[in-house]
**Student:** 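Let me begin by handing over the structure; questions about it come next.
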Protein chains: 2
Amino acid sequence: MVKPQVERQNTPSMEDYLEAIAMLRGEDKVARVSQISQKLKVKMPSVTSALRKLSEKELVLHQKYGYVELTTEGDKMAKDIIRRHKALSRFFTEILDIERETAEEDACKIEHVISPLGLERIIKFIEFVEACPQGEVNLPKRYKHYLEPGELPEDCLGKGLRERK
Amino acid sequence: MVKPQVERQNTPSMEDYLEAIAMLRGEDKVARVSQISQKLKVKMPSVTSALRKLSEKELVLHQKYGYVELTTEGDKMAKDIIRRHKALSRFFTEILDIERETAEEDACKIEHVISPLGLERIIKFIEFVEACPQGEVNLPKRYKHYLEPGELPEDCLGKGLRERK
DNA sequence: AGCATTTGTTAGTTACGCCTAACAATGTTA
DNA sequence: TAACATTGTTAGGCGTAACTAACAAATGCT
């Protein structure tokens, strides 16, 4: 992998752990090693060692054989990761019309590497598209029409690509 | 990092090397270890060891102290990576209005992790937006207007988000 | 309470991908 | 062509992050 020019404070892996813990704390009540292991499809020893690192960074609280809590700092980070994830996932499903599962997978990977600006612009873009349908039929629907029957909408004033049937 | 459910044939790092070699072969005439090293901001020994791996996989031809060639297979892969890169880079610059450098960085990272479907949909989306301006002012310009003065275009029929000044 | 199952930990291994230091080949030029 | 600079390689090390095997604690059941 190419060396990041600005050292990331947390690796994608660590972010996945934080995210998983936060999500479990939402769904169930407590996060346990076994749960995290299942959610991330990783064996338990991997979780134990990740938790040790996150503890050292004061992002989680975890004592042996106990359950896992996020510190204030860890929770803040987790919330941000989830925010990124949700934005990307919405973009893929709502704008690009990709089915949930693939959208989730892509979001899961991209959330760790996209720049803050890239993310903000995607959020703004969703906002914009939803706020501004531009005609009776909104952009996602029009785009879907382009994907599906493969035709441009009639009220489309564009030149170029007209010949593509 | 989360274990990929389907084992990727090449790692992001290997893809970066293939991409760099193909790009050098375009720009200059021959790809040398030093050039690859510079382009990827990695020391030369890292390049040597990467080339060994790529040679084993029959993706590059490289004999000691010689320059580097792509095999037919390697070239095919490289071309696909570059295709992904270009699509993403266009999306970030032309649709999301992100400056070249950040767009390139994001493209560089995302190209390795996005799903084939995600990529195709982004390509289609660019196509669609360019083919279908929807009004005198095309979508990117309208979006930019939303970003810049922070206002929705006048001809926007949307509800919601109206109150955001 | 006692034993079994589940859950979690430690220890040790592997692979990747970068690094530095040292050495070797190549190329340049006096 | 001999000396020097550049380029490339090997060897060895480090951090991350996964894994298995073996052991230990906690839980659950009778």
Side-chain angles (χ1 to χ4, degrees), chain A residues 1-21 24-25 28-57 59-69 77 81 108-109 111-113, chain B residues 1-21 24 28-57 59-69 81 108-109 111-113:
Chain A
M1 191 55 164
V2 148
K3 223 183 358 180
Q5 41 289 82
V6 170
E7 226 51 60
R8 245 190 142 67
Q9 67 262 35
N10 288 297
T11 63
S13 170
M14 291 303 112
E15 290 191 348
D16 281 333
Y17 284 104
L18 287 174
E19 189 181 12
I21 293 163
L24 285 168
R25 297 274 303 137
D28 304 334
K29 40 253 125 201
V30 291
R32 323 257 259 88
V33 170
S34 56
Q35 307 268 284
I36 299 166
S37 157
Q38 271 185 269
K39 174 147 282 193
L40 294 180
K41 286 169 185 149
V42 145
K43 302 294 188 237
M44 286 201 292
S46 306
V47 178
T48 302
S49 99
L51 290 178
R52 195 170 36 246
K53 273 177 212 157
L54 290 171
S55 291
E56 274 161 23
K57 294 188 177 179
L59 298 172
V60 307
L61 298 170
H62 175 232
Q63 44 218 27
K64 280 190 192 175
Y65 301 97
Y67 45 71
V68 182
E69 294 279 9
M77 280 192 185
I81 297 157
C108 260
K109 309 210 202 77
E111 70 192 18
H112 304 298
V113 300
Chain B
M1 191 57 163
V2 148
K3 223 183 0 180
Q5 40 291 77
V6 169
E7 225 52 59
R8 244 192 142 65
Q9 68 262 36
N10 288 297
T11 62
S13 170
M14 291 303 113
E15 289 192 348
D16 281 332
Y17 284 103
L18 287 175
E19 187 179 14
I21 294 163
L24 286 168
D28 306 332
K29 40 255 128 200
V30 291
R32 324 259 257 88
V33 170
S34 56
Q35 307 269 286
I36 299 167
S37 155
Q38 272 186 268
K39 173 147 285 195
L40 294 180
K41 286 170 185 145
V42 145
K43 301 296 186 227
M44 285 201 292
S46 305
V47 177
T48 302
S49 97
L51 291 178
R52 193 169 39 245
K53 272 177 213 158
L54 291 171
S55 292
E56 276 161 21
K57 295 188 177 179
L59 298 172
V60 307
L61 298 168
H62 176 231
Q63 46 216 26
K64 279 189 192 177
Y65 301 98
Y67 45 72
V68 183
E69 295 277 10
I81 297 157
C108 260
K109 308 210 203 78
E111 70 193 18
H112 303 298
V113 300

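Below, chain A is the first sequence line, B the second, and so on; all start at residue 1.
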**Student:** Atom CG of Leu40(B) and atom SG of Cys108(B): how far apart are they, to the nearest 0.5 Å?
**Tutor:**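 Spacing of CG (Leu40(B)) from SG (Cys108(B)) equals 8.5 Å.
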
**Student:** Between Tyr17(A) and dT16(D), is there a contact of a side-chain N or O with OP1 or OP2 at under 4.0 Å?
**Tutor:**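 No, Tyr17(A) has no side-chain N/O under 4.0 Å of OP1/OP2 on dT16(D).
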
**Student:** Which heavy-atom pair separates Ser37(A) from Lys43(A) by the least distance, and what is that distance?
**Tutor:**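 Heavy atoms of Ser37(A) and Lys43(A) come nearest at OG-C, 3.9 Å.
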
**Student:** In whole angstrom, what separates Asp16(A)'s CG from dT16(D)'s C1'?
**Tutor:**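 My rounded result for the distance is 14 Å.
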
**Student:** Distance check, rounded to the nearest 0.5 Å: Asp16(A) atom CG versus Glu111(A) atom CD?
**Tutor:**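 Asp16(A) CG to Glu111(A) CD: 6.5 Å, rounded to 0.5 Å.
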
**Student:** Side chain of Val42(B), heavy atoms from C-beta onward: which of dG17(C), dA18(D), dC18(C) has the nearest atom to it?
**Tutor:**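 Output: dC18(C).
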
**Student:** Kindly say if Thr11(A) contacts the phosphate of dT16(D), meaning a side-chain N or O under 4.0 Å from OP1 or OP2.
**Tutor:**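 Thr11(A) to dT16(D) OP1/OP2: no side-chain N or O under 4.0 Å.
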
**Student:** Would you check, one step at a time, whether the test side-chain contact (heavy atoms from CB on, under 4.5 Å) holds for Val60(A) with Tyr17(A)?
**Tutor:** CA-CA 10 Å; Val60(A) 307; Tyr17(A) 284 104; over 6 Å; no

**Student:** In Å, rounded to the nearest 0.5 Å, how long is the span from NE2 of His112(A) to CD1 of Ile81(A)?
**Tutor:**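 Result: 7.0 Å between the selected atoms.
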
**Student:** Under the side-chain contact (heavy atoms from CB on, under 4.5 Å) rule, what do Leu59(A) and Met14(A) come out as? Steps first, then yes or no, please.
**Tutor:** CA-CA 10 Å; Leu59(A) 298 172; Met14(A) 291 303 112; over 6 Å; no

**Student:** Applying a 4.0 Å non-hydrogen cut-off, can you work out what Tyr67(A) is touching in the nucleic acid: base, sugar-phosphate, or nothing?
**Tutor:**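 The answer is nothing, as Tyr67(A) stays clear of every strand by at least 4.0 Å.
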
**Student:** Heavy atoms under 4.0 Å is the rule here; annotate nucleotides 8-15 of chain C 5' to 3' with B where the base is hit, S where only the sugar-phosphate is, and - elsewhere.
**Tutor:** BBB-----

**Student:** Protein-nucleotides 1-4 of chain D N/O pairs closer than 3.5 Å?
**Tutor:**
none

**Student:** When the distance from NZ of Lys41(B) to C1' of dC18(C) is rounded to whole Å, what number comes out?
**Tutor:**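 Distance check: Lys41(B) NZ to dC18(C) C1' gives 16 Å.
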
**Student:** Grab the two heavy atoms, one from Tyr67(B) and one from Arg32(B), that are nearest each other, plus how far apart they are.
**Tutor:**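 Minimum heavy-atom separation between Tyr67(B) and Arg32(B): CB-CD, 4.1 Å.
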
**Student:** Could you tell me the separation between the CG atom of Leu54(B) and the P atom of dC16(C), rounded to a whole number of Å?
**Tutor:**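 Rounding to the nearest Å, CG of Leu54(B) and P of dC16(C) are 12 Å apart.
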
**Student:** Between the main-chain N or O of Leu61(A) and the side-chain N or O of Ser55(A), is there a donor-acceptor pair closer than 3.5 Å?
**Tutor:**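 Checking the backbone N and O of Leu61(A) against the side chain of Ser55(A), no donor-acceptor pair under 3.5 Å is found.
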
**Student:** Whole angstroms only, please: what is the CD-C1' distance between Gln38(B) and dT6(D)?
**Tutor:**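 Value for this atom pair: 12 Å.
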
**Student:** May I have the step-by-step check of side-chain contact (heavy atoms from CB on, under 4.5 Å) for Met77(A) and Glu15(A), ending in yes or no?
**Tutor:** CA-CA 8 Å; Met77(A) 280 192 185; Glu15(A) 290 191 348; over 6 Å; no

**Student:** May I have the distance from Lys43(A) (atom NZ) to dA21(D) (atom C1'), rounded to whole angstrom?
**Tutor:**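 In whole Å, dA21(D) C1' lies 13 Å from Lys43(A) NZ.
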
